[in-house]
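What follows is a single structure, written as C-alpha coordinates, with notes after it.
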Amino acid sequence: METILLKGKPVRDAVFAEIKDKVSRAPRKPGLAVVLVGEDPASAVYVRHKEKGCEEVGFHHVTHRLSAETSQGEILDLIANLNADQAIDGILVQLPLPDGIDQELVLTSVDPDKDVDGFHPENLGRLVAGNPRFVPCTPKGILRLLAHYGIAMAGKNVAVVGRSVIVGRPLSLLLSLKRADGNATVTMCHSGTRDLASVTSSADVVVAAIGVPQALGTAEIGKGAVVVDVGINRIDAPDRPKGTRLVGDVDAKALMGHAAALTPVPGGVGPMTIAMLLENTWEAMARKEGLDGNG
Ligand code: GUN
(Lines give C-alpha, C1' and ligand atoms only; values in the text may rest on other atoms or scores of the structure.)
Protein backbone atom coordinates (compact mmCIF):
# COMPACT_ATOMS: atom_id res chain seq x y z
CA MET A 1 0.00 0.00 0.00
CA GLU A 2 1.27 3.42 -0.91
CA THR A 3 1.20 5.79 2.06
CA ILE A 4 0.17 9.33 1.13
CA LEU A 5 2.06 12.04 2.99
CA LEU A 6 -0.30 14.74 4.23
CA LYS A 7 2.05 17.69 3.96
CA GLY A 8 1.07 20.84 5.81
CA LYS A 9 3.25 23.32 3.96
CA PRO A 10 1.07 23.75 0.82
CA VAL A 11 -2.05 24.21 2.95
CA ARG A 12 -0.26 26.64 5.23
CA ASP A 13 0.96 28.60 2.19
CA ALA A 14 -2.61 28.89 0.87
CA VAL A 15 -3.91 30.09 4.26
CA PHE A 16 -1.05 32.61 4.54
CA ALA A 17 -1.76 33.96 1.03
CA GLU A 18 -5.45 34.37 1.88
CA ILE A 19 -4.68 36.23 5.12
CA LYS A 20 -2.08 38.43 3.44
CA ASP A 21 -4.59 39.41 0.81
CA LYS A 22 -7.22 40.26 3.44
CA VAL A 23 -4.71 42.29 5.47
CA SER A 24 -3.82 44.33 2.37
CA ARG A 25 -7.46 45.44 2.15
CA ALA A 26 -8.09 45.87 5.91
CA PRO A 27 -8.50 49.21 7.70
CA ARG A 28 -5.58 48.29 9.99
CA LYS A 29 -3.15 45.49 10.72
CA PRO A 30 -4.26 42.73 13.10
CA GLY A 31 -2.03 42.70 16.20
CA LEU A 32 -0.72 39.62 18.04
CA ALA A 33 1.04 39.65 21.41
CA VAL A 34 2.99 36.59 22.51
CA VAL A 35 4.02 36.08 26.13
CA LEU A 36 6.97 33.72 26.63
CA VAL A 37 8.06 33.03 30.19
CA GLY A 38 11.29 31.15 30.87
CA GLU A 39 13.89 29.48 28.68
CA ASP A 40 12.23 26.33 27.39
CA PRO A 41 14.14 25.74 24.10
CA ALA A 42 11.19 24.20 22.22
CA SER A 43 8.94 27.12 23.21
CA ALA A 44 11.59 29.58 22.00
CA VAL A 45 11.59 27.86 18.59
CA TYR A 46 7.75 27.89 18.37
CA VAL A 47 7.64 31.57 19.28
CA ARG A 48 10.19 32.43 16.58
CA HIS A 49 8.01 30.60 14.03
CA LYS A 50 5.01 32.64 15.21
CA GLU A 51 6.96 35.88 14.83
CA LYS A 52 8.08 34.90 11.32
CA GLY A 53 4.48 34.04 10.40
CA CYS A 54 3.28 37.46 11.58
CA GLU A 55 5.99 39.17 9.51
CA GLU A 56 5.05 37.17 6.44
CA VAL A 57 1.35 38.11 6.47
CA GLY A 58 1.90 41.71 7.62
CA PHE A 59 0.59 41.59 11.19
CA HIS A 60 1.62 43.94 13.95
CA HIS A 61 3.26 41.75 16.60
CA VAL A 62 5.07 42.00 19.91
CA THR A 63 6.76 39.28 21.93
CA HIS A 64 7.23 39.71 25.66
CA ARG A 65 10.15 37.52 26.72
CA LEU A 66 10.12 37.23 30.50
CA SER A 67 12.63 35.46 32.72
CA ALA A 68 11.65 32.23 34.49
CA GLU A 69 11.79 34.19 37.77
CA THR A 70 8.95 36.55 36.75
CA SER A 71 6.23 36.56 39.39
CA GLN A 72 2.66 35.54 38.67
CA GLY A 73 1.55 39.09 39.56
CA GLU A 74 3.84 40.57 36.91
CA ILE A 75 2.48 38.18 34.29
CA LEU A 76 -1.11 39.06 35.23
CA ASP A 77 -0.28 42.80 35.05
CA LEU A 78 1.21 42.37 31.59
CA ILE A 79 -1.89 40.51 30.39
CA ALA A 80 -4.15 43.22 31.84
CA ASN A 81 -2.20 45.80 29.80
CA LEU A 82 -2.47 43.69 26.65
CA ASN A 83 -6.22 43.23 27.24
CA ALA A 84 -6.56 47.04 27.25
CA ASP A 85 -4.23 47.65 24.27
CA GLN A 86 -6.30 48.67 21.23
CA ALA A 87 -3.53 47.62 18.80
CA ILE A 88 -3.58 44.04 20.12
CA ASP A 89 -6.32 41.70 18.85
CA GLY A 90 -4.84 38.38 19.95
CA ILE A 91 -2.89 37.31 23.04
CA LEU A 92 -1.02 34.02 23.23
CA VAL A 93 0.63 32.80 26.41
CA GLN A 94 3.16 30.17 25.38
CA LEU A 95 2.79 26.94 27.34
CA PRO A 96 4.14 25.37 29.42
CA LEU A 97 4.57 28.09 32.04
CA PRO A 98 7.33 27.62 34.64
CA ASP A 99 6.57 25.68 37.83
CA GLY A 100 4.93 27.80 40.50
CA ILE A 101 2.80 29.80 38.05
CA ASP A 102 -0.91 29.01 38.14
CA GLN A 103 -1.53 28.24 34.45
CA GLU A 104 -5.31 28.15 34.85
CA LEU A 105 -5.34 31.59 36.46
CA VAL A 106 -3.09 33.07 33.78
CA LEU A 107 -5.15 31.64 30.91
CA THR A 108 -8.37 32.85 32.55
CA SER A 109 -6.96 36.39 32.79
CA VAL A 110 -6.82 36.74 28.99
CA ASP A 111 -9.77 38.66 27.52
CA PRO A 112 -11.91 35.89 25.89
CA ASP A 113 -12.29 38.10 22.79
CA LYS A 114 -8.48 38.13 22.40
CA ASP A 115 -7.95 34.48 23.34
CA VAL A 116 -6.67 33.30 19.93
CA ASP A 117 -5.46 30.02 21.48
CA GLY A 118 -9.01 29.19 22.61
CA PHE A 119 -7.82 28.10 26.08
CA HIS A 120 -9.96 30.47 28.19
CA PRO A 121 -12.68 28.52 30.04
CA GLU A 122 -15.34 30.62 28.28
CA ASN A 123 -14.00 29.60 24.86
CA LEU A 124 -13.55 25.98 25.92
CA GLY A 125 -17.12 26.08 27.26
CA ARG A 126 -18.40 27.39 23.95
CA LEU A 127 -16.62 24.53 22.22
CA VAL A 128 -18.28 21.98 24.53
CA ALA A 129 -21.63 23.68 23.85
CA GLY A 130 -21.06 23.23 20.10
CA ASN A 131 -20.82 26.97 19.42
CA PRO A 132 -17.07 27.66 19.29
CA ARG A 133 -15.60 31.18 19.06
CA PHE A 134 -11.85 30.59 18.93
CA VAL A 135 -10.95 27.01 18.09
CA PRO A 136 -7.54 25.93 19.51
CA CYS A 137 -4.96 26.17 16.73
CA THR A 138 -3.61 22.61 16.48
CA PRO A 139 -7.04 20.88 16.42
CA LYS A 140 -8.32 23.48 13.94
CA GLY A 141 -5.24 22.92 11.78
CA ILE A 142 -5.71 19.13 11.82
CA LEU A 143 -9.31 19.42 10.62
CA ARG A 144 -8.25 21.87 7.90
CA LEU A 145 -5.44 19.55 6.78
CA LEU A 146 -7.73 16.51 6.56
CA ALA A 147 -10.37 18.50 4.67
CA HIS A 148 -7.74 19.76 2.22
CA TYR A 149 -6.73 16.19 1.38
CA GLY A 150 -10.37 15.14 0.99
CA ILE A 151 -10.37 12.85 4.03
CA ALA A 152 -13.91 13.00 5.42
CA MET A 153 -14.42 12.36 9.12
CA ALA A 154 -18.19 11.77 9.12
CA GLY A 155 -19.01 8.29 10.36
CA LYS A 156 -15.35 7.35 10.86
CA ASN A 157 -14.03 5.72 14.00
CA VAL A 158 -11.33 8.03 15.32
CA ALA A 159 -8.98 7.24 18.18
CA VAL A 160 -7.42 10.36 19.68
CA VAL A 161 -4.46 9.37 21.83
CA GLY A 162 -3.78 12.13 24.37
CA ARG A 163 -6.14 14.31 26.41
CA SER A 164 -4.27 17.59 26.67
CA VAL A 165 -6.19 20.84 26.69
CA ILE A 166 -4.02 21.98 23.76
CA VAL A 167 -4.80 19.11 21.38
CA GLY A 168 -6.51 15.87 22.45
CA ARG A 169 -9.49 17.17 24.38
CA PRO A 170 -10.58 19.98 22.04
CA LEU A 171 -9.93 17.82 18.96
CA SER A 172 -12.11 15.01 20.35
CA LEU A 173 -14.93 17.49 20.97
CA LEU A 174 -14.63 19.08 17.52
CA LEU A 175 -14.62 15.73 15.74
CA SER A 176 -17.79 14.72 17.57
CA LEU A 177 -19.71 17.89 16.62
CA LYS A 178 -22.43 17.58 13.99
CA ARG A 179 -20.75 19.68 11.34
CA ALA A 180 -19.15 19.14 7.94
CA ASP A 181 -15.64 18.41 9.26
CA GLY A 182 -16.83 16.35 12.25
CA ASN A 183 -19.63 13.82 12.89
CA ALA A 184 -17.08 11.14 13.73
CA THR A 185 -17.25 8.50 16.44
CA VAL A 186 -14.44 9.46 18.78
CA THR A 187 -12.58 7.51 21.42
CA MET A 188 -10.23 9.57 23.57
CA CYS A 189 -7.36 7.41 24.83
CA HIS A 190 -4.83 8.38 27.48
CA SER A 191 -2.31 7.02 29.96
CA GLY A 192 -5.11 5.25 31.83
CA THR A 193 -6.37 3.39 28.76
CA ARG A 194 -6.20 -0.36 29.22
CA ASP A 195 -4.75 -2.24 26.21
CA LEU A 196 -4.33 0.81 23.99
CA ALA A 197 -3.60 -1.26 20.87
CA SER A 198 -6.94 -3.03 21.08
CA VAL A 199 -8.69 0.35 20.87
CA THR A 200 -6.50 2.10 18.31
CA SER A 201 -5.86 -0.80 15.92
CA SER A 202 -9.50 -0.90 14.80
CA ALA A 203 -9.77 2.88 14.26
CA ASP A 204 -10.08 4.40 10.77
CA VAL A 205 -8.10 7.42 11.92
CA VAL A 206 -5.52 7.59 14.73
CA VAL A 207 -4.35 10.91 16.13
CA ALA A 208 -1.17 10.66 18.21
CA ALA A 209 -0.70 13.57 20.63
CA ILE A 210 1.16 12.18 23.63
CA GLY A 211 4.65 13.65 23.35
CA VAL A 212 6.39 10.27 23.44
CA PRO A 213 8.81 9.67 20.55
CA GLN A 214 7.78 6.97 18.04
CA ALA A 215 5.38 5.39 20.55
CA LEU A 216 2.78 4.04 18.11
CA GLY A 217 3.67 1.54 15.38
CA THR A 218 2.10 -1.23 13.35
CA ALA A 219 0.80 -2.98 16.48
CA GLU A 220 -1.24 0.07 17.47
CA ILE A 221 -2.33 1.26 14.02
CA GLY A 222 -4.44 -0.82 11.65
CA LYS A 223 -3.51 -1.42 8.02
CA GLY A 224 -4.98 1.30 5.83
CA ALA A 225 -5.63 3.75 8.67
CA VAL A 226 -5.07 7.50 8.40
CA VAL A 227 -2.48 8.69 10.92
CA VAL A 228 -2.21 12.23 12.27
CA ASP A 229 1.06 12.69 14.14
CA VAL A 230 1.05 15.73 16.43
CA GLY A 231 4.30 14.92 18.23
CA ILE A 232 7.49 16.95 17.80
CA ASN A 233 10.24 15.18 19.75
CA ARG A 234 13.98 15.68 19.48
CA ILE A 235 15.95 12.45 19.72
CA ASP A 236 19.64 11.56 19.47
CA ALA A 237 20.85 10.83 15.94
CA PRO A 238 24.65 10.41 15.87
CA ASP A 239 24.54 10.13 12.06
CA ARG A 240 23.15 13.69 11.71
CA PRO A 241 25.36 16.80 11.66
CA LYS A 242 23.56 18.23 14.71
CA GLY A 243 23.54 14.87 16.50
CA THR A 244 19.76 15.02 16.90
CA ARG A 245 16.63 14.84 14.75
CA LEU A 246 12.92 15.49 15.08
CA VAL A 247 10.48 12.59 15.23
CA GLY A 248 6.78 12.36 15.94
CA ASP A 249 4.74 10.22 18.31
CA VAL A 250 4.45 7.45 15.72
CA ASP A 251 7.09 5.25 14.14
CA ALA A 252 6.75 6.80 10.69
CA LYS A 253 9.26 4.48 9.05
CA ALA A 254 7.39 1.37 10.18
CA LEU A 255 4.08 2.86 9.05
CA MET A 256 5.19 3.60 5.48
CA GLY A 257 3.38 1.06 3.31
CA HIS A 258 1.09 0.19 6.23
CA ALA A 259 -0.96 3.36 6.79
CA ALA A 260 -3.08 4.85 4.00
CA ALA A 261 -1.94 8.37 4.88
CA LEU A 262 0.37 9.97 7.40
CA THR A 263 1.27 13.52 8.44
CA PRO A 264 5.09 13.88 8.30
CA VAL A 265 7.17 15.27 11.20
CA PRO A 266 8.33 17.90 10.63
CA GLY A 267 6.14 19.48 7.95
CA GLY A 268 2.71 18.01 8.72
CA VAL A 269 0.61 19.40 11.56
CA GLY A 270 3.22 21.97 12.73
CA PRO A 271 2.84 24.46 9.86
CA MET A 272 -0.95 24.25 10.22
CA THR A 273 -0.85 25.34 13.87
CA ILE A 274 0.87 28.63 12.98
CA ALA A 275 -1.51 29.21 10.06
CA MET A 276 -4.53 28.76 12.32
CA LEU A 277 -3.06 31.10 14.95
CA LEU A 278 -2.82 33.81 12.31
CA GLU A 279 -6.33 33.01 11.07
CA ASN A 280 -7.71 33.28 14.62
CA THR A 281 -5.93 36.62 15.05
CA TRP A 282 -7.42 37.85 11.78
CA GLU A 283 -10.86 36.71 12.99
CA ALA A 284 -10.40 38.55 16.30
CA MET A 285 -9.63 41.77 14.45
CA ALA A 286 -12.42 41.30 11.92
CA ARG A 287 -14.94 40.69 14.71
CA LYS A 288 -13.80 43.78 16.61
CA GLU A 289 -13.91 45.97 13.52
CA GLY A 290 -17.23 44.56 12.32
CA LEU A 291 -15.71 43.21 9.09
CA ASP A 292 -17.41 40.28 7.43
CA GLY A 293 -14.33 38.11 7.88
CA ASN A 294 -13.12 38.60 4.33
CA GLY A 295 -11.70 42.06 4.86
N1 GUN B 1 2.67 24.99 23.61
C2 GUN B 1 2.60 23.95 22.73
N3 GUN B 1 1.61 24.17 21.84
C4 GUN B 1 1.04 25.34 22.15
C5 GUN B 1 -0.03 26.10 21.59
O6 GUN B 1 -0.69 25.72 20.61
N7 GUN B 1 -0.31 27.27 22.21
C8 GUN B 1 0.38 27.70 23.29
N9 GUN B 1 0.02 28.86 23.84
N10 GUN B 1 1.37 27.03 23.83
C11 GUN B 1 1.70 25.86 23.26
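Ligands are counted one by one from 1 in listed order, and the atoms in each one are counted from 1 as well.
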Residue list, side chain to side chain donor-acceptor pair (under 3.5 Å) with E74, at least two apart or on another chain:
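Partners of E74 by the side chain to side chain donor-acceptor pair (under 3.5 Å) criterion, ordered by chain and then number, come out as S71.
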Please, which pairs that meet salt bridge (charged side-chain N to carboxylate O under 4.0 Å, His left out) have at least one residue in residues 172-182, sequence neighbours excluded?
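Listed by first then second residue: R179-D181.
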Which residue pairs satisfy the salt bridge (charged side-chain N to carboxylate O under 4.0 Å, His left out) criterion with at least one member in residues 124-134, sequence neighbours excluded?
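Every pair satisfying salt bridge (charged side-chain N to carboxylate O under 4.0 Å, His left out) with a residue in residues 124-134: D113-R133, E122-R133.
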Salt bridge K140-E283, side-chain N to carboxylate O under 4.0 Å:
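Here K140 pairs with E283 in a salt bridge, since their nearest N and O are under 4.0 Å apart.
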With the threshold set at 4.0 Å, does a side-chain nitrogen-carboxylate oxygen contact exist between E279 and K20?
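Result for this pair is no, no salt bridge flagged.
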Residue pair L146 / V226, side-chain heavy-atom distance below 4.5 Å:
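Side-chain contact under 4.5 Å: yes.
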When you check ligand 1 against the protein, what N or O pairs turn up below 3.5 Å? List the atom names and distances, or just say none.
from     : atom 1 : to   : atom 2 : distance (Å)
ligand 1 : 1 (N)  : Q94  : NE2    : 3.2
ligand 1 : 1 (N)  : L95  : O      : 2.9
ligand 1 : 7 (N)  : D117 : OD1    : 3.2
ligand 1 : 7 (N)  : D117 : OD2    : 3.3
ligand 1 : 9 (N)  : V93  : O      : 2.8
ligand 1 : 9 (N)  : D117 : OD2    : 2.5
ligand 1 : 10 (N) : Q94  : NE2    : 3.4
ligand 1 : 10 (N) : L95  : N      : 3.0

